[in-house]
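These figures come from a predicted structure and were not determined experimentally.
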Amino acid sequence: MTSMKLTPLYGINNVDEDAALKRGGDNPRVYLRDAINVDITPAGKASLRIGTQRVTETLFRNLWQSPLHKDTFGTVGADWVKVDPTTWSTETLAVIGEGDVSHEVINNNVCVAGPSGLFTFNGATVERLTIDTPSQPFVLTSSGSLTAGTYGIAIAWLRGTLESATSSMANVEAVANSALDITLPTCLDTTITGVRVYLTKPNGSELCVAGDYSLSNPTINITLLPMLGRVTQFRYFSPMPTGKYLKYWRGRLLTAKANILRFSEPLAYHLHDERHGFVQMPQRITFVIPVDGGIWVGQVDHVVFLQGTQPNDLVLIRRTAKAPVANSAILVDSDTVGSEVSQGGGATALWLAENGYVLGTASGQIIELQAGVMSGITAKSATSVVLDRKLLTAVL
């Protein structure tokens with residue numbers, strides 16, 4: 001009987017015939033049909049994978065560690081919790097709804113997208129990222145010093161320096177020596193600290209800042225036209241909607257739900273332009289990974305690259321016909337994939353597809369690492385992590 005050398009091992013190959021699993025030449029290697037509970041080193045040696053044990057009976061979902069703070073977050077039922085991974089004790093932060101949750105670091109705060117909306121945590125308190133748009137104010141006239149004409153009035157809620165979208169404009173006809181009595185709508189958000197009033201000049205159409213007021217008095221009386229300030233910035237906007245996926249890209253917040261990818265306004269993460277701030281994809285979105293040159297978006301049976309630096313400039317490019325596994329994509333650094341792939345140190349997208357792991361570069365190119373040796377990988381969902389420069393993906 002002749003002996004056969006089984007090393008160095010080169011991973012799994014479930015595509016080629018049996019005779020092709022062993023290859024000689026200057027770079028001899030042996031492929032495996034399957035490898036269960038085995039780790040293979042870069043040198044081709046096999047070792048038993050380290051075992052696991054149950055560490056808690058709590059049913060956690062959506063576990064995530066902040067790359068900035070190193071704090072761990074997750075969900076238990078409908079509760080968003082902060083987790084101590086040494087004792088697996090939890091601190092309930094907010095009720096955000098039961099289902100898929102996505103995390104991101106925004107302005108040094110942890111932001112979460114849950115079924116109930118977008119929330120931020122600053123290390124001490126949790127509050128909603130968005131502010132509801134106020135209803136149109138109710139305006140009457142009384143005695144004052146205004147000149148005759150038609151006035152337009154709108155308002156916006158204030159949370160510190162954060163301003164909501166502008167309400168719809170109310171118009172009122174005033175005679176000479178009139179005043180405007182502005183009755184504010186009911187505000188149920190306890191985090192609102194004030195209201196900003198916008199006015200037009202007599203018979204004008206451009207809303208400008210008239211002043212900021214406290215909510216202690218439900219009626220604001222304007223007897224003399226004040227010195228008007230800047231034009232309203234957030235007219236016709238709406239609160240940023242939540243989604244299954246949450247990412248940060250070039251000063252904007254991204255959320256995705258079904259086949260719609262939505263963008264916040266630049267550096268105004270709580271606001272969204274419903275008219276122009278979205279991209280409708282041809283299929284349901286299965287992951288979103290922004291890189292320097294654009295955005296990688298997973299679809300049901302392929303992956304596309306949205307190339308560009310602004311939402312209005314994005315060009316949809318179909319890059320692969322292999323079906324990606326939903327939720328399997330992560331962003332990896334140059335230390336993990338190497339400087340050549342990262343193209344100068346930029347972050348690279350990586351996901352699990354039907355034919356193995358696939359890299360999506362910052363410029364929009366794909367590298368199918370296991371094409372030709374792997375096939376038939378399918379799963380309902382997956383989660384990928386990098387541990388000690390080794391990529392692990394748990395599939396469901």
Determine, step by step, whether E368 and M374 satisfy the side-chain contact (heavy atoms from CB on, under 4.5 Å) criterion, reporting the C-alpha distance in whole Å, the side-chain angles of both residues, the deciding distance to 0.1 Å, and the verdict.
CA-CA 10 Å; E368 296 176 303; M374 293 286 290; over 6 Å; no
Could you state the interatomic distance from CG (L253) to CG (L246), rounded to the nearest 0.5 Å?
5.0 Å
Closest approach of A179 and T223, non-hydrogen atoms and distance?
CB-CA, 3.8 Å
Return yes if a side-chain donor-acceptor contact under 3.5 Å exists between T120 and N109, otherwise no.
no
Quick check: does any side chain N or O of H270 sit under 3.5 Å from a backbone N or O of A165, one acting as donor and the other as acceptor?
no
Side-chain donor-acceptor pair present, E127, T191, cut-off under 3.5 Å
no
Could you check if a side-chain atom of I36 sits within less than 4.5 angstrom of a side-chain atom of D34, using non-hydrogen atoms only?
yes
Return the CG to CD1 distance between N37 and I50, rounded to the nearest 0.5 Å.
12.0 Å
Taking a hydrophobic cluster as the set of Ile, Leu, Val, Met, Phe, Trp and Tyr residues connected by side-chain heavy atoms closer than 4.5 Å, whether directly or through intermediates, do I192 and I155 fall within one such cluster?
yes
Is a side-chain N or O of N14 found less than 3.5 angstrom from the main chain of S375, in a donor-acceptor match?
yes
Looking only at the side chains, is there a donor atom on one of T75 and N62 sitting less than 3.5 Å from an acceptor on the other?
yes
Test of understanding: clusters of I, L, V, M, F, W, Y form through side-chain heavy atoms closer than 4.5 Å, transitively. Do L207 and Y213 belong to the same one?
no
Expected output: side-chain T255 to main-chain G243 donor-acceptor under 3.5 Å
no
Applying side-chain contact (heavy atoms from CB on, under 4.5 Å) to F287 and K244, what does each step give before you reach the verdict?
CA-CA 9 Å; F287 67 77; K244 184 177 180 179; over 6 Å; no
On a heavy-atom basis, which atom in S135 and which in P185 lie closest, and how many Å separate them?
O-CG, 3.6 Å
Within a reach of under 6.0 Å around CG of D313, are more than 12 heavy atoms found that belong to other residues, nucleotides or ligands?
yes
Would you tell me whether T219 and N217 have side-chain atoms, one donor and one acceptor, within less than 3.5 Å of each other?
no
May I ask you to test the V303-V358 pair for a side-chain heavy-atom distance under 4.5 Å?
no
Identify whether L228 and F234 are in the same connected component of the hydrophobic contact network (ILVMFWY, side-chain heavy atoms under 4.5 Å).
no
Can you confirm whether more than 12 heavy atoms, excluding those of L68, are under 6.0 Å from its CG atom?
yes
Give a yes or no answer on whether the side chain of R252 reaches the backbone of S264 with a donor-acceptor pair at less than 3.5 Å.
yes
Using every non-hydrogen atom in the two residues, find where A46 and V38 come nearest and quote the distance to one decimal.
CB-CG1, 3.8 Å
Any donor-acceptor pair under 3.5 Å from Q136 side chain to M169 backbone
yes
Show which residues join L48 in its hydrophobic cluster (side-chain heavy-atom contacts under 4.5 Å, direct or indirect), or state none.
none
Show which side-chain atoms of residues 89-100 pair as donor or acceptor with protein atoms under 3.5 Å away, not counting sequence neighbours.
| unit_1 | atom_1 | unit_2 | atom_2 | d |
| --- | --- | --- | --- | --- |
| S89 | OG | T87 | OG1 | 2.9 |
| D100 | OD1 | R61 | NH2 | 3.4 |

For D301, is there any backbone N or O sitting under 3.5 Å from a side-chain donor or acceptor partner on Q283?
yes
Distance-minimising heavy-atom pair for V105 and H69:
CG1-CE1, 4.4 Å
Over all heavy atoms of both residues, which pair between A382 and V325 is shortest? Give the atoms and the distance, please.
CB-CG1, 3.6 Å
Please tell me whether T141 and S178 have a donor and an acceptor in their side chains that are separated by less than 3.5 angstrom.
no
Between Y10 and V30, does the side-chain contact (heavy atoms from CB on, under 4.5 Å) criterion hold? Intermediate values first, please.
CA-CA 6 Å; Y10 211 69; V30 177; over 6 Å; no
Give the minimum heavy-atom separation between I40 and L9, together with the two atoms involved.
CG2-O, 3.9 Å
Is V101 reachable from F60 through a run of hydrophobic residues whose side-chain heavy atoms are each under 4.5 Å from the next?
no
Within the side chain of R250, is there an N or O that forms a donor-acceptor pair under 3.5 Å with the backbone of P266?
no
Is the F119 to W80 ring centre distance short of 6.0 Å?
no
Verdict with supporting geometry, K390 and D39, salt bridge (Lys or Arg N to Asp or Glu O under 4.0 Å)
CA-CA 10 Å; K390 181 184 297 182; D39 287 330; 3.6 Å; yes
How far does OH of Y31 sit from CD1 of I12, to the nearest 0.5 angstrom?
12.0 Å
Quick one: pull up CZ in R29 and CG in N13 and give me the separation to the nearest 0.5 Å.
10.0 Å
Would you check, one step at a time, whether the test side-chain contact (heavy atoms from CB on, under 4.5 Å) holds for R318 with Q299?
CA-CA 10 Å; R318 180 168 176 149; Q299 299 283 264; over 6 Å; no
What orientation do F121 and F73 show, parallel under 30°, tilted 30 to 60°, or perpendicular over 60°?
perpendicular
With a 4.5 Å heavy-atom cut-off, do V195 and P134 have their side chains touching?
no
One thing to verify: whether D189 and R128 come together as a salt bridge, which I'm taking to mean a side-chain N less than 4.0 angstrom from a carboxylate O.
no
D273 CG: over 12 foreign heavy atoms closer than 6.0 Å:
yes
Would you call T58 and W88 a side-chain contact if the rule is heavy atoms closer than 4.5 Å?
no
Between W249, W351, Y245, which is the residue that forms a ring-ring contact (aromatic ring centres under 6.0 Å, His included) with W296?
W351
If only atom types and distance count, is the side chain of S384 paired as donor or acceptor with the main-chain N or O of S328 below 3.5 Å?
yes
Side-chain donor or acceptor of R319 paired with backbone N/O of H302 under 3.5 Å:
no
Matching residue for M240 among L118, L254, L129, I131 - test: side-chain contact (heavy atoms from CB on, under 4.5 Å):
L118
Validation row: D333, V386 side chains within 4.5 angstrom (heavy atoms)
no
Residue pair L199 / P226, side-chain heavy-atom distance below 4.5 Å:
yes
To the nearest 0.5 angstrom, please state how far the SG atom of C111 sits from the NE2 atom of H103.
9.5 Å
Can you check whether I285 reaches L261 side chain to side chain, under 4.5 Å on heavy atoms?
yes
Check for me, please, whether I182 and F138 land in the same ILVMFWY cluster - side-chain distances under 4.5 Å, paths through other members count.
no
I need the F237 CZ to E265 CD distance, nearest 0.5 Å.
3.5 Å
Does a side chain donor of either T393 or Y357 reach within less than 3.5 Å of an acceptor in the other side chain?
yes
Compare all side-chain heavy atoms of I377 with those of Q370 and state whether any distance is below 4.5 angstrom.
no
